[in-house]
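Single-structure report; data block below.
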Amino acid sequence: MMRSKVFSLVARAGSNRMMSTATKLTTVEVNDKTGIATLTMNRAPVNGLNLELLQDLKSSIDEIEGNKSRGLILTSSSSTIFSAGLDILEMYKPDKDRIRAFWTQLQDTWLALYGSSVPTAAAINGHSPAGGCLLATSCEYRVMVPNFTIGLNETQLGIVAPQWFMASFLSVLPQRDAERALNQGRMFTTEEALKVGLIDETANNKEEAIEKCVAFIGTFAKVNPLARSLTKQQFRAADLQQLQNGRKEDLEKFLFFVNQPAVQKGLGIYLEGLKKKAKKQ
Amino acid sequence: MMRSKVFSLVARAGSNRMMSTATKLTTVEVNDKTGIATLTMNRAPVNGLNLELLQDLKSSIDEIEGNKSRGLILTSSSSTIFSAGLDILEMYKPDKDRIRAFWTQLQDTWLALYGSSVPTAAAINGHSPAGGCLLATSCEYRVMVPNFTIGLNETQLGIVAPQWFMASFLSVLPQRDAERALNQGRMFTTEEALKVGLIDETANNKEEAIEKCVAFIGTFAKVNPLARSLTKQQFRAADLQQLQNGRKEDLEKFLFFVNQPAVQKGLGIYLEGLKKKAKKQ
Amino acid sequence: MMRSKVFSLVARAGSNRMMSTATKLTTVEVNDKTGIATLTMNRAPVNGLNLELLQDLKSSIDEIEGNKSRGLILTSSSSTIFSAGLDILEMYKPDKDRIRAFWTQLQDTWLALYGSSVPTAAAINGHSPAGGCLLATSCEYRVMVPNFTIGLNETQLGIVAPQWFMASFLSVLPQRDAERALNQGRMFTTEEALKVGLIDETANNKEEAIEKCVAFIGTFAKVNPLARSLTKQQFRAADLQQLQNGRKEDLEKFLFFVNQPAVQKGLGIYLEGLKKKAKKQ
């Protein structure tokens, strides 16, 4: 499972030097002035969460945990998509072994991000449906660029967001709003997301979004990092334990559901739609 | 437990035909244009929730689950009372067997409504205290006509709303507001209920309330019904399981409490008050 | 553990007589007109919660439970500090037996206050960090005088607020706000606390704060006290049981953490800072 990495020391105009680590599908840049790591998803065209992107995300989170970064900012190299969510191709007519590895990796990546010991923030610089919204709501803070949408729209795709997607959503939204949005599969515009509390701030562009994430992480400047990390993990312990204690059942539930003929048919129709859309453009 | 039913096909002025099913105390009308079922409580004068009304409610919910309705709208045939809540006569000097059947039926009816697979909305066209508020907050959406009141006012009556009443209340209100209102036995006016989030919209009259419920149910038009239903039930699973796993204890707790001399005395005084009030009118 | 008490019947100007009970570090005054008890913390200079103040608080709460008071108002005899929280001297280079008694007493006092059968309100007439905020958020209502601060700032001190501190905090604040404030160790000004819901009202001074607490307790005038008390305890049962079932583990976790060299060092530095500050004045 080890993936080759490219290490490079990047000299930038201005006063900040960055230490940059790139795997195939993610890049980690640590600003040596602020000590904050930016984790960028680079899987063109839409950061579809396939097995490899999830693996790279997990190893990048681990790297940031290990390199004493003061915080983690999650963002996208695309100018229109933060992440389009789970890659449908992993679920449509799946290979038996690969789909198990895929879902298990998704669990691992969520456990690492939601339970991360460092402060986490998402600079949401594009659309963020389904799994994209899961990543964003697993962070502690969200800044979003206008004219995009965010939400757990699984019911619109004929699938069910698992219990731990709901936990991330509920860490951000009141119960009534969370349940209704989940049932509707509602996508919120940037403005709607701000109003309901699904995001914390808006920013005019990616750079400003990252600056605001940096400012949020700066609110922990006088806080003891170990005490902060133990506090966060204690606060999120029930959510994390629920998945940790039920990983196998969660996997089997997913496999059973995704292999239903009606679900496979729905995914097929959805993929046909995407192909036609692509041809037209 | 089977109750006789009257089936009738009702032709209505205008374009919509309704399929109507009436039990003694409830009516189900399915609009064949929208596919949405309206479930009306008809127990004069105040829709007091006695054993028979609870049975009819349960069988009407089951019917709506079974007839592929696109949604359920709960309302009242009274012009001033949605439901006055549990019928005190079931609890005052109770028959030993009947009170067990009564409470067990209340549990069953709540499990069916709160866990319903179809979208649910309440058109609250009158006062809605105690058990009336339980029914309303077990739905996913609430539209209320002005100049009425709603709330869990059990403490004002000297009784205790069980844990699952609290679960319904907490699915709608923030924890701080829910606890305070429960402790106070607070009745909210329509305007206050809107402000705190206990209802979602107001409407000038019953027809408009039903229209707004129809519009809410319409937000699920593009949603896969199976995925929606599984999502809702997963979201409400902990609340539902808590009662399912503790039904016997919940029944015994209720019986113990209701049979306390102080509680019986309180209910007696309350009934005296109702009788005097009725005579004056 | 029994502490000597001074009972005195105090005649006051005006129409109200007060029955007053003073232990060494707390005073209970019951207004015989309203039937409401005011519980005042008197440990100069900052109401640091040491073993003895916690014991006196617990015995005063028990007294109020027993004397049929209509409510409990918690306040401070200081004009600038409600309570500065846990007394650091109990935790720095601790005596092995005393620190066990201290933490066990803190658990007992919280269980008594958070689970109190009478209506509780805090008249917050001074700063209220850490354990001071715990006491305030364990009450059902909070009125605060301007120009002070309140919050669970444990992470700023390098320590971790235990799970039951979080439960009190979450009984008042939404999950997102609660987690962020805990991680930041954020202290809220009176105005910020009002905005986020951490307090319910502001008052110009202590007397007005107490009057507003009296008015809150008055909202229960028509409520059956037994039904109210059972309702509150059922609502808070999960939080209370979590500590009751895990008291020993909670104690051992605290002892392990507080005895870490890094934590002891941090507490030492903090105490040095307090001493220097005191000398300057």
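A, B, ... follow the sequence lines: proteins, then strands. Residue 1 opens every chain.
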Picking from A/V223, A/L230, A/N224, which has the most non-hydrogen pairs under 4.5 angstrom with chain C?
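With the most close heavy-atom pairs to chain C, the winner is A/V223.
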Counting heavy-atom pairs closer than 4.5 Å to chain C, which one of A/L173, A/D200, A/L226 comes out on top?
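Most heavy-atom pairs within the cutoff with chain C belong to A/D200.
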For C/E179, does its backbone N or O pair with a side-chain atom of A/E140 as donor and acceptor, under 3.5 Å?
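Between the backbone of C/E179 and the side chain of A/E140 there is no qualifying donor-acceptor contact (under 3.5 Å).
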Is there side-chain contact between [X] and [Y], with heavy atoms separated by less than 4.5 Å?
X      : Y      : result
C/V160 : A/T231 : yes
A/Q234 : C/L182 : no
A/F216 : C/Q184 : yes
A/T219 : C/R186 : no

Interchain contact, A/F220 with chain C, by part (heavy-atom threshold 4.5 Å):
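Only the side chain of A/F220 comes within 4.5 Å of chain C.
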Atom CG of C/N183 and atom CZ of A/R236: how far apart are they, to the nearest 0.5 Å?
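Here the interatomic distance stands at 7.5 Å.
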Evaluate whether atom CG of C/N147 has more than 12 neighbouring non-hydrogen atoms of other residues, nucleotides or ligands under 6.0 angstrom away.
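Count not over threshold, so no.
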Closest approach of C/I159 and A/A227, non-hydrogen atoms and distance?
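Distance-wise, the nearest heavy atoms are O-CB, 3.4 Å.
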Interface moiety of C/L170 toward chain A, non-hydrogen atoms closer than 4.5 Å:
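Only the side chain of C/L170 comes within 4.5 Å of chain A.
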At a heavy-atom separation under 4.5 Å, does C/A262 approach chain A through its side chain, its backbone, both, or neither?
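Contact with chain A is absent: no heavy atom of C/A262 under 4.5 Å.
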Heavy-atom pairs under 4.5 Å with chain A - which of C/Q156, C/Q163, C/R180 has more of them than the others?
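Highest number of pairs under 4.5 Å: C/R180.
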